[in-house]
Amino acid sequence: MSSQHTFDLPVQGMTCASCANRIERALSKVPGVRGVSVNLASERARVESDAAELGPLLAAVSQAGYQVPTQRIELAIDGMTCASCVGRVERALGKVPGVGTVSVNLASERAHIETLPGTPVKDLIDAVAKAGYAARSLETAAPVDKRVELRRERWRLIIALALATPLVLPMFAQWLGLDWMLPAWLQFLLATPVQFILGARFYVAAWKAVRAGSGNMDLLVALGTSAGYGLSLHLWANAGHHGMPHLYFEASAVVIALVLLGKYLESRAKRQTSAAIRALEALRPERALRVVEGREEEVSISALRPGDLVVVKPGERYPVDGQVVEGHSQADEALISGESLPVSKGPGDSITGGAINGEGRLLLRTTAIGGETVLARIIRLVEDAQAAKAPIQKLVDRVSSVFVPVVLFIALLTLIGWLFAGAGIETALINAVTVLVIACPCALGLATPAAIMAGTGVAARHGILIKDAQALEIAHRVTIVAFDKTGTLTSGQPRVVHLRAAVDDDDELLRLAGALQRGSEHPLARAVLQRCTESDLQVPSVSASQALSGRGIRGQVEGRELALGNARLRDEQHLAAGELEALARDWENEGRTLSWLLELAPQPRVLGLIAFGDSLKEGSGEAVRRLHEQGIDSHLISGDNAGSAGAVGKALGIDEVHAQVLPADKAEHVARLRQGGAVVAMVGDGINDAPALAAADVGIAMGGGTDVAMHAAGITLMQGDPRLVPAALDISRRTWRKIQQNLFWAFIYNLVGLPLAAFGLLNPMVAGAAMALSSVSVMSNALLLRRWKP
């Protein structure tokens, strides 16, 4: 009879009895649930279930439209060697009360755990220890210097190779026609330290696996090399006076040396795949110059608080997120946003911590510190993406869970089969050892996470933040990219695109309009004044300025009473547009916003017409063209009128334009495209486009450098450059291809190697080399992604 588990879940969002009923129904449908009671007053749900997993209960509450608050805990896991280890750690953590979801990454050697609030970290660490591994909290434990560990691995490898090399020299001598062999006692002295001192790690890990009731790579290596070593001792002891038989000390020693070589190269490659995280973490300065009562004092970053004033000298890194209070300079944000050119900074401008200051001295007011800074949020996004499992990894996990028992069974069959075939115990045992040695699940465990770490890392260096592995896996199949218009393909800032004077020349029209707009913060006013600056016009002063609600503005300019506003203002003054009427209609059909410049006194008349439009972002046309080159259709979904949206679509060569679509209806448009069989990526600014981003197969949010954590999107572009959209799809396609290649090689090594070993066509040394090569080839293939550029 199965044991029953009780879960006490805090639920957020309940407002009435119907909410409680809805949650109760949702939880009752979860397999294994025996009873549910929901208390509206305490906002808690009590669940009795035959199953120990919390994850399905959390998912049921979420699907009902409510939320169970959770906390995220990250642990560093030491001692994992293969995919089987990953599965065992995940199962151990999943059994801890209060744990919802667990994701363990072999490449980064970390566990990401979602738990109910209050779940003790100690319980998680103890569960990992019982499974045979060591765990430590990344928040409280001191970080381990991987370079020190790598140096230790290198020295162990050098010693192992030095001891194993003399053992294989006679084999090479035979190829040259020389028949000699090291004395048995010398072989014993060389092989024993390799087997039991340098190879102790395999025995320790194997024993922990057996004690936990499972198997791993270390168990296969320990069994295989121990069998070869033991067989050598047996043959040596029973040689008597009949001459020295061939011993297999060299096979066991060389296998261990080759496995250590593979683990060393694998560790080096792991360090390279996490280079993106280390590069971002290196951007954080440890000290800052704080200004207190006019004095500058050097303090640690942890001592700063929001609102503190900080001095940044030329060439230094900005220590915090802040706003410029005083000074002018530039910020090199290349490693943060991928923006290659320095960005000018002056009073009022925002600064991202980690960027490099130019030649100016700046005084900043701190706006964010610690984990709330843009850089910290970027690092979290990249870490989360690298820790996440792609959906295809579920297949690998299922294979890995039964891999070691199957290999042990095949080795036993090999031993029995050769004995039944009439071969001696020596031949049968060596072939069984070869089976154990060549069957390494390391490559299986590394295939997917290594590619994901390399792909998301190189993407982050170029300003493309991929939120999770699922977005990466889906993005390579995208067939339609749907763009929002304003802020995505266009700058979102109006500019003067047309003007026509009815009385004077165009410059005079612009000069008078600029005078009326002086001092205004309205976007159209800024567009007029910017055009005046570009045309190098001297704008006269204005007096008696008065805003006309919903119509425009009026004022006195050079003794004339002027007004600038919409058609309603012109109609109120009963002024005829004359020959500008047809031009106004044409510009309106283009989706332009029109402003009429009127003279009210001394001579009422229309002075001219100005048309405003949104400017296309640099690179918008190139982005659409690159999508077409990748075989991807482009759609424009905009809330603007048909004329404005159509003009943008025509200018960029977009395949389909959908205009006058409300923000709430954009998600329906995306859903209809998906129902038609398309895989849709939606590109928007991540705010009013959030429903559409969530409705798409992949949401791509255009970030602005200060707001990158857009939760509705699977991919965030740090720059507002549309060309990063095809680049993001390209890196996802290349990463997916690496995952497929890695899984192919990981499986093919075993599919080919196991039969060859079982039929006696390989020896243990070749098997050990092949096993080491499998892991190294998978990691090396993934590292090729680091050469990618948008």
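The basis for the numbers below is simple: all heavy atoms, side chains too, and nothing from hydrogens, waters or symmetry mates.
Counting heavy atoms from C-beta on, the side chains of K130 and R211 never come closer than 4.5 Å. The shortest side-chain heavy-atom distance between T456 and L465 does not fall under the 4.5 Å cut-off. Using a 4.5 Å cut-off on side-chain heavy atoms (C-beta onward), V104 and V102 make contact. A 4.5 Å side-chain heavy-atom check between V128 and I77 finds at least one atom pair inside the cut-off. No side-chain heavy atom of P722 sits under 4.5 Å from any side-chain heavy atom of T488. Contact check for L223 versus L408: side-chain heavy atoms found under the 4.5 Å cut-off. No side-chain heavy atom of W736 sits under 4.5 Å from any side-chain heavy atom of L472. Counting heavy atoms from C-beta on, the side chains of E153 and L157 never come closer than 4.5 Å.
With sequence neighbours excluded, the residues satisfying salt bridge (charged side-chain N to carboxylate O under 4.0 Å, His left out) with E629 are R625. For R674, the salt bridge (charged side-chain N to carboxylate O under 4.0 Å, His left out) partners at least two apart in sequence or on another chain are D697.
Distance alone, capped at 3.5 Å, is enough to place a donor-acceptor pair between the R88 side chain and the A131 backbone. Between the side chain of S634 and the main chain of V624, no donor-acceptor pair closer than 3.5 Å is present. Proximity of a side-chain donor or acceptor of R317 to a complementary backbone N or O of I356 within less than 3.5 Å is not detected.
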Item to check | R786 vs R461, side chain to side chain contact (heavy atoms under 4.5 Å, CB included): CA-CA, chis, key distance, verdict | outcome: CA-CA 10 Å; R786 298 179 68 201; R461 284 206 301 272; 4.2 Å; yes
Checklist entry - Could you go step by step and tell me if D218 and W207 meet the side chain to side chain donor-acceptor pair (under 3.5 Å) rule? => result CA-CA 9 Å; D218 301 291; W207 169 244; over 6 Å; no
Next on the checklist: Working note: Y749 + I438, criterion side chain to side chain contact (heavy atoms under 4.5 Å, CB included); need CA distance, chi angles, decisive distance, verdict.
Outcome noted: CA-CA 8 Å; Y749 270 110; I438 200 168; over 6 Å; no
Next on the checklist: Run R734 and L785 through side chain to side chain contact (heavy atoms under 4.5 Å, CB included) and show every step you take.
Outcome noted: CA-CA 8 Å; R734 291 171 187 265; L785 284 169; 3.9 Å; yes
Next on the checklist: Run E114 and R72 through salt bridge (charged side-chain N to carboxylate O under 4.0 Å, His left out) and show every step you take.
Outcome noted: CA-CA 5 Å; E114 184 182 25; R72 293 184 51 177; over 6 Å; no
Next on the checklist: Apply side chain to side chain contact (heavy atoms under 4.5 Å, CB included) to residues E109 and L106 and explain how you reach the verdict.
Outcome noted: CA-CA 5 Å; E109 298 177 327; L106 177 61; 5.5 Å; no
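Taking every heavy atom of both residues into account, L93 and A111 meet most closely at CD1-CB, 4.0 Å. P726 approaches Q630 most closely through the heavy-atom pair O-NE2, 3.3 Å. When every heavy atom of I632 is checked against every heavy atom of V478, the shortest pair comes out as CG1-O, 3.6 Å. Contact record, S252 with Q195: CB-OE1, 3.4 Å, taken as the closest heavy-atom pair. A pairwise comparison of heavy atoms in K738 and A451 identifies CB-CB, 4.0 Å as the closest pair. Of all the heavy atoms in A475 and L729, the pair that sits closest is O-CD2, 3.8 Å.
W788 CH2: more than 12 foreign heavy atoms inside a 6.0 Å radius.
Going from atom OG1 of T735 over to atom CG of D730 covers 9.0 Å, rounded to the nearest 0.5 Å. To the nearest 0.5 angstrom, D721 atom CG is 9.5 Å from I464 atom CD1.
Comment: R136 engages D78 in a salt bridge, judged by a side-chain N to carboxylate O separation of less than 4.0 angstrom.
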